[in-house]
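For reference, the structure discussed in these notes is given below.
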Amino acid sequence: IQRATGAGTQEKLPDVTDGVPDDWTKDGRYVVFEKGGGPSGLDVWMLPLSGDRKAVPLLQGPYDESQAHVSPDGRWLAYTSHETGRDEIYVQSFPQPSGKWQISTRGGTDAQWNPNGHELFYISPDQQMMVMDVPTGPTFQVSVPRPLFPIRVSVPTGPRNHYAVGADGSYFYVIAPLGGQTTSLMTVILNWPSEVARR
């Protein structure tokens, strides 16, 4: 962990070093990450950032679970699971598992929440951005997902985010190849204003 400004020192989270961070809850209390290597395949874990900071498994079934994201209100966890034989989107209560709902029925990956908490997005196998309305209430309710628009991500599977939802939920940032070309390496330059000032 390090401040986004670059100030201060880096802090190592030992339990996460052999995993892939998926999400950090909005209240800053938990880091959700996935890691494999065990008998149950790819699992989702939770690391509390207070107390003894001991990671505990959230999803540890006999099938892969990945791409976990916590809802803005911190009550629900959306994730991808292969328990039906293909990737589907599920939601379960968070941080304590007391309910579970299947969202997609024809395949889905990479679920992301609208920052307002009223919509859940995911990518269908035929590369459609799907959306499901999330009614407010004390319990989670599943509604029928509907397509929003075609989307072409660079790699439709895998643990990392392939898109991000804008702050007000009205636009998306998508990692997509240009035309029919394969995606080339990307160079990210940090602290570029100081580099310009030196010249």
Side-chain angles (χ1 to χ4, degrees), residues 20-26 32-36 40-44 58-73 75-94 97 99-137 139-184 186:
V20 177
D22 281 338
D23 202 4
W24 190 344
T25 58
K26 299 296 182 281
V32 175
F33 64 100
E34 58 192 76
K35 67 177 181 179
S40 56
L42 199 59
D43 298 318
V44 175
L58 275 177
L59 302 166
Q60 203 171 32
Y63 25 72
D64 288 341
E65 301 105 347
S66 61
Q67 299 177 327
H69 289 275
V70 180
S71 61
D73 63 5
R75 298 172 58 204
W76 315 111
L77 180 78
Y79 62 97
T80 302
S81 175
H82 200 261
E83 61 188 84
T84 64
R86 67 178 174 187
D87 287 337
E88 298 282 6
I89 301 298
Y90 294 83
V91 168
Q92 78 167 33
S93 56
F94 180 88
K100 175 182 169 183
W101 301 265
Q102 183 173 341
I103 306 305
S104 63
T105 57
R106 299 179 180 178
T109 59
D110 209 348
Q112 306 259 1
W113 298 91
N114 187 320
N116 66 21
H118 300 318
E119 292 178 315
L120 179 65
F121 305 103
Y122 66 90
I123 300 174
S124 68
D126 60 351
Q127 295 280 283
Q128 293 284 325
M129 177 67 76
M130 305 292 291
V131 61
M132 186 195 79
D133 295 327
V134 180
T136 57
T139 60
F140 190 82
Q141 298 180 39
V142 177
S143 60
V144 178
R146 64 186 187 279
L148 275 181
F149 53 82
I151 183 172
R152 226 168 121 254
V153 297
S154 56
V155 182
T157 59
R160 305 307 285 176
N161 299 334
H162 302 105
Y163 66 96
V165 186
D168 64 359
S170 65
Y171 58 94
F172 297 80
Y173 300 98
V174 180
I175 301 174
L178 297 174
Q181 302 174 359
T182 57
T183 306
S184 59
M186 179 184 298

Heavy-atom side-chain proximity of [X] to [Y] below 4.5 angstrom:
| X | Y | result |
| --- | --- | --- |
| Tyr63 | Thr84 | no |
| Leu77 | Leu59 | yes |
| Asn116 | Pro72 | no |

* Asked: Can you list every ring-ring contact (aromatic ring centres under 6.0 Å, His included) pair that touches residues 103-126, not counting sequence neighbours?
  ->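 Qualifying pairs, neighbours excluded: Phe121-Phe172.
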Where [X] and [Y] come nearest, the two heavy atoms and their spacing:
| X | Y | value |
| --- | --- | --- |
| Ser66 | Glu34 | CB-OE2, 3.4 Å |
| Gln112 | Val165 | CB-CG2, 4.1 Å |
| Ala68 | Asp23 | O-CB, 3.7 Å |
| His69 | Ala111 | CD2-O, 3.1 Å |
| Gly137 | Arg75 | O-NH1, 3.1 Å |
| Gln128 | Ile151 | C-CG2, 3.8 Å |

Spacing of [atom1] belonging to [X] relative to [atom2] belonging to [Y], to within rounding of 0.5 Å:
| X | Y | atom1 | atom2 | value |
| --- | --- | --- | --- | --- |
| Asp87 | Thr80 | CG | OG1 | 6.0 Å |
| Asp133 | Arg146 | CG | CZ | 4.5 Å |
| Ile103 | Leu120 | CD1 | CG | 6.0 Å |
| Met129 | Ser124 | CE | OG | 9.5 Å |
| Gln92 | Leu58 | CD | CG | 6.5 Å |
| Gln102 | Glu83 | CD | CD | 7.0 Å |

* Determine whether more than 12 heavy atoms belonging to other residues, nucleotides or ligands lie under 6.0 Å from atom OH of Tyr173. =>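 No.
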* Applying side chain to side chain contact (heavy atoms under 4.5 Å, CB included), run through Thr25 and Phe94 and close with a yes or a no. => CA-CA 11 Å; Thr25 58; Phe94 180 88; 3.9 Å; yes
* Taking the inter-plane angle between the rings of Trp101 and Trp76 on a 0 to 90° scale, is it parallel (under 30°), tilted (30 to 60°) or perpendicular (over 60°)? ->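 Rings of Trp101 and Trp76: perpendicular, as their planes differ by over 60°.
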* Just checking, is any N or O donor in the side chain of Asp73 or Ser71 under 3.5 Å from an acceptor N or O on the other one? ->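 Yes, a side-chain donor-acceptor pair sits under 3.5 Å.
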* Checking Tyr163 side chain against Asp110 main chain: does a donor-acceptor pair fall under 3.5 Å? ->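 Between the backbone of Asp110 and the side chain of Tyr163 there is a qualifying donor-acceptor contact (under 3.5 Å).
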